[in-house]
Amino acid sequence: MSRPRVVLGVSGGIAAYKACELLRRFTESGHDVTVVPTAAALEFVGAPTWAALSGKPVSAEVWTGVHEVPHVRLGQTADLVVVAPATADLMAKAAHGLADDLLTNTLLTARCPVVLAPAMHTEMWEHPATAANVATLRSRGVLVIEPAEGRLTGADTGKGRLPDPEEIFEVARDVLGRAAAGGSGAPGAPADLAGRHVVVSAGGTRERLDPVRFLGNRSSGRQGYALARAAAARGAEVTLIAANVSLGDPAGVKVVRVESTAELRDAVLTAAATADAVVMAAAPADFRPTAASDTKIKKSDDGSAPSITLQQNPDILKEISQHRVRPGAVIVGFAAETGDATGSVLDLARAKLARKGCDLLVVNDVSGGAVFGSTDNEAVILGADGSSVEVPHGSKSALAHQIWDEVVARLS
Ligand code: CTP
């Protein structure tokens, strides 16, 4: 198989240095990368760096190697064009079809998926001109990743940071994979979650026992993070509600951090008010100590152990499924099941789907061992309409896309 051809565009922002790391991720994972910087980008990172890291000559303008017609060929033959960082100026040019250098020519001739990772000061990102350009680009199927919030150049902080190169790489890989599979990242196809707000919960909640102890569980948050990444790569606005997860923030995703089931419930109810879909991939603790101690619980001299009284937590999935604030929103639950004397895994899962009242239930059979922390998963996606989709053993990202396929099919 030939290596996927990626054009890495770099426009003139201070974050250009981060594109070196992105470039390394592409080349080290077997992609054929041509770097196309703008003249302004070369003020930040010189051509020798790009040439050495990509193993190819680098030019910002159309007058080098003219006999190979690079201004047309690069775009035509690319499998993916990623621009990181994408400045306000670059996006303005792209939105208006200007083509005064090699990168803007490449964007005009590209027929493959295009991903832009903007980075700029908050004022520039929020300016109506930039907002309009981003909207235009998105309406044409370009995936414009939401910038991250945090420290900007100088002492400023706010929205406008380039997401971590590793996370931009994950989005790019996801888009490439879907394009190859003929999915919504396919050339010319609009991202099928564009204009949608989706909410994903991930991780395991912790219920406080005293200032240093909690009751928790082993959920890593990986499946929820894969769902958030996949939705962002399909163009959704994503709110990821993360309970005690130690993974990097997915690019272009709003992350809300919570600790307990009560905090998770508040965050889910707030986000669900505007959501087209809610996926409850988190493992909320079903019980919490009736009272948490303000001081550390001490050992006693006589060797006796304290007893802890628990009370039940609210069932968030059931609540949002049974009291729907947004009719038409698709609600998805997860279930880790083992079969028992009362029924098979699927019998019990069907009963749970009905009990909770959600639209889809993703069922993991955990009889043979836990899936916690693993990068793979296999599942059956049951629909309240009686449907059943078996997802064979594969990556959590592949399962995430299957789940979004089922959600998209049910969105009105
Ligand atoms: N869930 C929830 N709130 C809780 C517990 C679980 O929203 N307090 C959600 C999980 O995010 C997951 C699904 O419900 O989507 C899992 O079902 P769960 O209630 O954990 O299964 P069981 O505990 O096995 O259910 P039951 O005891 O009702 O059989």
Side-chain angles (χ1 to χ4, degrees), residues 198-208 214-228 231 239-245 256 258-273 275 277-290 310-325 329-367 370-372 377 379-384 391 396 399-400 402-404 406-407:
V198 305
V199 177
V200 178
S201 70
T205 64
R206 291 178 180 176
E207 304 297 332
R208 204 166 158 262
F214 57 81
L215 297 177
N217 63 68
R218 291 172 51 204
S219 176
S220 67
R222 284 184 206 285
Q223 185 62 64
Y225 272 52
L227 278 153
T239 304
L240 173 61
I241 304 172
N244 313 297
V245 181
V256 178
V258 296
E259 194 166 327
S260 63
T261 296
E263 288 172 15
L264 177 64
R265 175 179 173 273
D266 287 348
V268 169
L269 293 188
T270 303
V278 181
V279 183
M280 286 294 299
D286 282 324
F287 304 100
R288 67 176 182 279
T290 303
L310 300 177
Q311 71 186 71
Q312 201 164 321
N313 273 326
D315 186 323
I316 306 164
L317 177 63
K318 199 169 181 177
E319 186 174 345
I320 58 171
S321 300
Q322 296 185 355
H323 306 284
R324 299 205 178 218
V325 281
V330 179
I331 299 179
V332 185
F334 271 73
E337 291 285 357
T338 56
D340 61 22
T342 63
S344 69
V345 167
L346 287 186
D347 293 338
L348 295 174
R350 276 258 166 243
K352 183 174 285 182
L353 174 64
R355 205 162 56 238
K356 301 261 187 185
C358 51
D359 303 297
L360 293 165
L361 190 71
V362 183
V363 187
N364 290 127
D365 180 347
V366 291
S367 316
V371 290
F372 298 113
N377 213 340
V380 179
I381 308 172
L382 297 182
V391 185
K396 289 191 172 178
L399 174 58
Q402 288 269 0
I403 294 169
W404 291 124
E406 294 304 307
V407 169

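Order of appearance sets the numbers: ligands from 1, and atoms from 1 within every ligand.
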Donor-acceptor pair, [X] side chain versus [Y] backbone, under 3.5 Å?
X	Y	answer
N244	E259	yes
S201	A282	yes
T205	A285	yes
D365	S367	yes

Polar-atom distance check: [X] versus ligand 1, any N or O pair below 3.5 Å?
X	answer
G333	no
N313	no
K356	yes
V332	no
F334	yes

Pull out every atom of ligand 1 sitting under 4.0 Å from any heavy atom of [X], numbered as shown with elements.
X	result
M280	7 (O), 11 (O), 12 (C), 15 (O)
P314	3 (N), 4 (C), 8 (N)
D286	4 (C), 5 (C), 8 (N), 23 (O)
L317	2 (C), 7 (O), 9 (C), 13 (C), 14 (O), 15 (O)
A282	10 (C), 11 (O)

Mind checking whether D315 contacts ligand 1 via backbone (N, CA, C, O), side chain (CB onward), both or neither, at a 4.0 Å heavy-atom cut-off? both

Per-atom contact, atom 15 (O) of ligand 1, protein heavy atoms, under 4.0 angstrom: yes

V363 side chain reached by V345 side chain, heavy atoms, under 4.5 Å: yes

Side-chain touch N313/E207, heavy atoms, less than 4.5 angstrom: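 N313 vs E207: side chains touch.
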
For N364, the option from V380, N377, T338 that meets side-chain contact (heavy atoms from CB on, under 4.5 Å):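 Of the listed options, the one satisfying the test is N377.
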
Does ligand 1 have any atom sitting under 4.0 Å from a heavy atom of K318?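 It does not, in that no heavy atom of K318 comes within the 4.0 Å cut-off of ligand 1.
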
Examine ligand 1 and decide if any of its atoms is less than 4.0 Å from a heavy atom belonging to R355. yes

Salt bridge (Lys or Arg N to Asp or Glu O under 4.0 Å) contacts in which one or both residues fall within residues 349-363, not counting sequence neighbours: D315-K356, R324-D359, E337-K352

Which heavy atom of A329 sits nearest to which heavy atom of A275, and what is that distance? CB-O, 3.5 Å

Of all heavy-atom pairs linking L317 and V332, the shortest is CD1-O, 3.9 Å

Of the protein's non-hydrogen atoms, which lies at the shortest distance from atom 3 (N) of ligand 1, and what is that distance?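 The closest one turns out to be I316 N, 3.0 Å.
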
If you have a sec, work out which protein heavy atom is nearest atom 22 (P) of ligand 1 and how many Å separate them, to one decimal?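 For atom 22 (P) of ligand 1, the nearest protein heavy atom is K352 NZ, 3.2 Å.
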
